[in-house]
There are 2 protein chains.
Amino acid sequence: MNPMVASSESAVETAPVAKTVQLSRARRAAILKALADPHRLKLLERIAASTCPLGCAEALSTLAISPATLSHHIKELEAAGLVHVERAGKFIHLSLRTEVWSALVASLAALGQPRSTRR
Amino acid sequence: MNPMVASSESAVETAPVAKTVQLSRARRAAILKALADPHRLKLLERIAASTCPLGCAEALSTLAISPATLSHHIKELEAAGLVHVERAGKFIHLSLRTEVWSALVASLAALGQPRSTRR
DNA sequence: TCGACATTTCGACAGCTATCGAATTGATTA
DNA sequence: TAATCAATTCGATAGCTGTCGAAATGTCGA
């Protein structure tokens with residue numbers, strides 16, 4: 001895990017009451033890079049659409065990829081801080097980090113509004 | 001220019017009154033792919049922040065890249081439908097397609113809201 | 001018409017990344 | 001304890017992509 005994500009991660013973690021957290025440029029870039037792969041985007045969409053944490057079996061049935069590739073993609077999404085991975089015995093469960101997602105959306109929304117005060 | 005972007009482009013063009021247009025999944029994926037490069041993201045931010053169309057000279061002064069590389073990135077952003085490129089003699093001017101951007105933001109916002117009715 | 005300038009195209013290249021099969025690791029169960 | 005299963009790691013590979021210098025193209029002005 002690189003230090004940039006880790007430090008931003010703790011910033012998000014220590015501000016749980018904040019609905020929308022400010023993303024650094026580096027963080028934004030890292031997240032957008034993680035979203036560049038079509039399979040990863042589809043996986044994230046599937047995770048987001050799930051009312052409960054998603055298992056690998058279900059993820060695999062959504063995407064036509066090997067377990068190895070899924071593992072790789074999950075790792076990328078986790079590294080980008082987009083998903084939370086919880087292990088339960090042999091199984092893992094994936095959920096969207098909604099606060100990070102909201103921060104991204106807000107960040108991108110602000111980009112399209114050049115007249116607002118921005119640093 | 002690939003037919004996917006072209007057809008979505010005309011849909012956007014023919015609906016100028018619509019503040020937020022629905023993006024197809026493919027379109028969304030294509031845009032996010034275009035945003036994956038840090039230089040391209042920075043360029044888009046610079047374009048968005050500009051109150052008037054941005055010239056190449058200004059873009060080059062923002063990014064420490066060669067003119068050839070800038071040209072490549074511009075082409076990518078244009079192909080993704082994110083920017084409008086206008087030629088004025090020897091010069092070109094870049095502007096953000098705000099309606100596409102808004103559609104992207106809306107699209108991503110909807111992704112983070114699994115309980116809303118989505119197709 | 002030629003020179004200057006802005007921008008693009010071209011070709012090469014290095015680095016990145018998605019993908020997979022096989023091996024490995026870890027948890028569970030009989 | 002061994003077998004089964006879920007998931008990860010590892011190594012290899014093919015394709016992708018950002019980057020650049022050089023050449024080419026197009027515009028403008030003298």
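Heavy atoms only: backbone and side chains are in, while hydrogens, waters and symmetry mates are out.
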What's the [atom1]-[atom2] distance between [X] and [N], to the nearest Å?
X: B:L63; N: D:dG18; atom1: CG; atom2: P; answer: 13 Å
X: A:L60; N: D:dA7; atom1: CG; atom2: P; answer: 8 Å
X: A:L77; N: D:dT8; atom1: CG; atom2: P; answer: 12 Å
X: B:I65; N: D:dT17; atom1: CD1; atom2: P; answer: 17 Å
X: B:L70; N: D:dC20; atom1: CG; atom2: C1'; answer: 13 Å
X: B:I74; N: D:dT19; atom1: CD1; atom2: C1'; answer: 15 Å
X: A:D37; N: D:dT17; atom1: CG; atom2: P; answer: 11 Å

Is any side-chain N or O of [X] closer than 4.0 Å to OP1 or OP2 of [N]?
X: B:K33; N: D:dC16; result: no
X: B:R40; N: D:dT17; result: no
X: B:H39; N: D:dT19; result: yes

Worksheet entry | Options D:dC28, D:dT19, D:dA22, nucleotide nearest the side-chain atoms of B:H72 |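 So the nucleotide nearest the side chain must be D:dT19.
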Discussion item. What's the closest nucleotide to the side chain of A:R87 if the choices are D:dG18, D:dA7, D:dG26?
Written reply: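 Nearest listed nucleotide: D:dA7.
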Worksheet entry | Spatial distance of atom CG (A:L41) from atom NZ (B:K33) [nearest 0.5 Å] |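 Rounded to the nearest 0.5 Å, the CG-NZ separation comes to 12.0 Å.
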Worksheet item: Between atom CG of B:L108 and atom OG of A:S107, what is the distance when rounded to the nearest 0.5 Å?
Response: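 If we round to the nearest 0.5 Å, B:L108:CG and A:S107:OG are 11.0 Å apart.
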Fill in: Inter-end axis angle, the helix from C:dT1-D:dA30 to C:dA30-D:dT1, with every axis fitted to five base pairs (rounded, 10 degrees)
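For the helix from C:dT1-D:dA30 to C:dA30-D:dT1, the axes at opposite ends meet at about 20°.
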Worksheet item: If you pin A:G89 and A:E76 to their nearest nucleotides in DNA chain C, which one's is more 5'?
Response: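 By nearest-heavy-atom nucleotide position, the 5'-most residue is A:E76.
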Practice prompt. Answer whether the closest heavy-atom distance between the side chains of B:R28 and B:L32 falls below 4.5 Å.
Written response: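 Sidechains of B:L32 and B:R28: in contact.
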Discussion item. Categorize A:H73 for me: base, sugar-phosphate, or nothing, with a 4.0 angstrom heavy-atom threshold over every strand shown.
Written reply: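 Result for A:H73 = sugar-phosphate.
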Discussion item. What contact category does B:I92 fall into here, base, sugar-phosphate, or nothing, at under 4.0 angstrom with non-hydrogen atoms?
Written reply: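 Counting heavy atoms under 4.0 Å across all strands, the contact made by B:I92 is with sugar-phosphate only.
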Discussion item. By the definition side-chain contact (heavy atoms from CB on, under 4.5 Å), identify the one residue from B:L63, B:I65, B:D37, B:I47 that meets it with B:K42.
Written reply: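 Only match with B:K42 under side-chain contact (heavy atoms from CB on, under 4.5 Å): B:L63.
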Fill in: Span of DNA chain C, from the first to the last nucleotide whose atoms fall under 4.0 Å of chain B heavy atoms
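Answer, 5' to 3': C:dC5 to C:dT9.
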Discussion item. With clusters defined by side-chain heavy atoms of hydrophobic residues (ILVMFWY) lying less than 4.5 Å apart, directly or transitively, does B:L96 cluster with B:F91?
Written reply: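 B:F91 does not cluster with B:L96.
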Item to complete: I would like to know whether B:R40 and B:L44 meet side chain to side chain contact (heavy atoms under 4.5 Å, CB included); could you show each step before the answer?
Response: CA-CA 6 Å; B:R40 269 208 298 281; B:L44 196 80; over 6 Å; no
Discussion item. Whether the side chain of B:S61 engages the backbone of B:E58 through a donor-acceptor N/O pair (distance < 3.5 Å, no angle test) should be reported.
Written reply: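 Indeed, once roles are kept as given, a pair shorter than 3.5 Å links the two residues.
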Practice prompt. I would like to know whether A:L82 and A:L35 meet side chain to side chain contact (heavy atoms under 4.5 Å, CB included); could you show each step before the answer?
Written response: CA-CA 9 Å; A:L82 284 168; A:L35 292 174; 3.8 Å; yes
Worksheet entry | Residues A:L77, A:L94; criterion side chain to side chain contact (heavy atoms under 4.5 Å, CB included); working and verdict | CA-CA 10 Å; A:L77 288 176; A:L94 307 165; over 6 Å; no
